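Structure record follows, encoded as structure tokens.
If you read the sequence from its start, that first residue is 1, and numbering goes on from there. Every value quoted in this text rests on a predicted model; they were computed, and no experiment measured them.
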Amino acid sequence: MTLRAEGVRAALDGTEVLHGVDCQVPDGGWLAVIGPNGAGKSTLLRALAGLLPLAAGRIALDGEDPARMRRRERARRLAYVPQAPVMPAELTVEEYVLLGRTPYLGPLAAPGASDRAAAGEAMERLRLTGLTRRRLTTLSGGERQRAALARALAQRPRLLLLDEPTSALDVGHQQQVLGLVDELRADGGPAVVSTLHDLTTAGQYADRLVLMAAGEVAAEGPAEKVLTEQLIHRVYGARVEVARDSTGRPVVIPVRAP
């Protein structure tokens, strides 16, 4: 499944937030959207999910506009995980993850064996099997984040849109979750578009990066092209050094001002 956005403009409360954004992700690819706070990253993800009307431009998911799809069809093709997903307090982890199978159920139909298998696989991959009977309100922030991702994976989408998927996770769970997403998409799973604050993490996992500033694309390309000291200083106003790890990928190191 391929996703393409061309000249996307969108507004929030009457103020234009995206100013002609272009981006694309091929089947099985991973695009990371980076940029400072207020750059428009989350707004772009909502637009790509078909949840925000466009003032101008075009978004195509395998040639179709996701905003024009029926909700059930759109949910079968893409899964969107916002930074703060709605998590009903009365539900258990298992019940919540099973909601990811809703697009495949008929009216008033109960989840069947295949639905429970899909939910069970997602919970196992995210190490939630010991929490299946826990109420969502009893979970830590990181556990809730993993439950939200498990629900999305249970949808079996062809495109996964993740808004800061590791913001509440410790470094071990960050690596586990991002490694899982990378493994899934490399093994015939969904293409991925994610927003990420950590620049090194973005460069470690994504094929290509889009660096946004004030609602526009400041740079786009592979990590070594986008994660440069000059670009980061210009867009973030930050002093950094960019090194290379053992695989040659960039590592962004903040440097204290003299």
Side-chain angles (χ1 to χ4, degrees), residues 1-10 17-35 39-52 54 56-69 73-83 148-149 152-153 155-167 177-213 215-227 231 235 249-250:
M1 175 164 288
T2 58
L3 174 73
R4 181 184 296 271
E6 299 174 342
V8 170
R9 293 180 176 270
V17 177
L18 301 178
H19 313 296
V21 175
D22 297 331
C23 65
Q24 59 182 318
V25 59
D27 190 28
W30 188 334
L31 177 71
V33 183
I34 59 175
K41 303 185 298 296
S42 296
T43 303
L44 176 60
L45 233 63
R46 289 182 60 201
L48 295 178
L51 302 176
L52 189 66
L54 303 186
R58 177 175 180 266
I59 295 173
L61 187 60
D62 276 351
E64 295 185 56
D65 183 351
R68 295 181 179 273
M69 294 177 185
E73 176 60 26
R74 185 170 61 203
R76 290 181 178 182
R77 297 204 200 184
L78 68 86
Y80 166 60
V81 182
Q83 289 188 42
L149 182 54
L153 294 182
Q155 286 179 231
R156 302 269 174 91
R158 297 301 301 153
L159 175 66
L160 194 56
L161 302 173
L162 305 174
D163 197 0
E164 293 295 338
T166 59
S167 60
V177 166
L178 294 176
L180 167 63
V181 172
D182 194 37
E183 176 186 320
L184 287 172
R185 62 105 183 185
D187 191 29
V192 180
V193 181
S194 64
T195 65
L196 290 166
H197 268 302
D198 188 277
L199 302 182
T200 298
T201 299
Q204 290 280 326
Y205 289 94
D207 299 319
R208 297 181 71 81
L209 309 182
V210 166
L211 173 59
M212 294 188 63
E216 299 180 344
V217 175
E220 185 273 336
E224 58 269 19
K225 173 185 174 182
V226 176
L227 297 181
L231 268 174
V235 173
R249 291 181 177 271

Non-hydrogen atoms of Pro26 and Ala191 that approach each other most closely: O-CB, 3.6 Å

No-hydrogen, no-angle side-chain donor-acceptor test under 3.5 Å, Asp27 and Thr2: no

Test item: Leu160 and Val193 side chains (from C-beta on) under 4.5 Å apart, heavy atoms: no

Tyr80 OH to Gln155 CD distance, which is reported to the nearest 0.5 Å: 13.0 Å

Any Leu78 side-chain heavy atom under 4.5 Å of Pro66 side chain: yes

Polar contact flag, side-chain donor to acceptor under 3.5 angstrom, Gln83-Ser42: yes

Val192/Val25 under side chain to side chain contact (heavy atoms under 4.5 Å, CB included): CA gap, chis, key distance, verdict: CA-CA 8 Å; Val192 180; Val25 59; over 6 Å; no

Heavy-atom closest contact (Gly57 atom, Leu54 atom, distance): O-CD1, 4.0 Å

Any Leu31 side-chain heavy atom under 4.5 Å of Leu209 side chain: no

Step-by-step side chain to side chain contact (heavy atoms under 4.5 Å, CB included) determination, Leu184 to Leu153: CA-CA 10 Å; Leu184 287 172; Leu153 294 182; 3.7 Å; yes

Atom pair OG1 (Thr200) and OH (Tyr205), whose distance is rounded to the nearest 0.5 Å: 11.5 Å

Side-chain heavy-atom pair Arg9, Leu18 within 4.5 angstrom cut-off: no

Distance-minimising heavy-atom pair for Pro250 and Ala223: CG-CB, 3.7 Å

Distance in Å, Thr43 OG1 paired with Asp163 CG, rounded so as to fall on 0.5 Å steps: 9.0 Å

Flag, side chain of Lys41 to backbone of Met212, donor-acceptor distance under 3.5 Å: no

Electrostatic pair Asp65-Arg74, nearest N-O below 4.0 angstrom: no

Ion pair Glu73/Arg77, N-O distance below 4.0 Å: yes

Intermediate values then yes/no, side chain to side chain contact (heavy atoms under 4.5 Å, CB included), Arg208 and Gln24: CA-CA 10 Å; Arg208 297 181 71 81; Gln24 59 182 318; over 6 Å; no

All N/O donor-acceptor pairs, side-chain side in residues 44-51, below 3.5 Å, sequence neighbours left out:
none

Side chain to side chain contact (heavy atoms under 4.5 Å, CB included) between Leu161 and Val81, intermediate numbers included: CA-CA 6 Å; Leu161 302 173; Val81 182; over 6 Å; no

4.5 Å side-chain heavy-atom contact, Ile59 and Val8: yes

Test item: Leu159 and Pro190 side chains (from C-beta on) under 4.5 Å apart, heavy atoms: no

Minimum heavy-atom distance Trp30-Ser194, with the two atoms named: NE1-OG, 2.9 Å

Flag if over 12 foreign heavy atoms under 6.0 Å of CZ, Arg4: no

Heavy-atom pair with the smallest gap, counting every atom of Leu196 and Ala32: CD1-CB, 4.3 Å

Nearest atoms (heavy-atom pairs only) where Glu64 meets Met69: CB-CE, 3.8 Å

Student check: side-chain heavy atoms of Val226 and Ile34 closer than 4.5 Å: yes

Heavy-atom check, side chain of Val217 versus side chain of Asp22, under 4.5 Å: no

Electrostatic pair Arg158:Asp62 at N-O distance under 4.0 angstrom: no

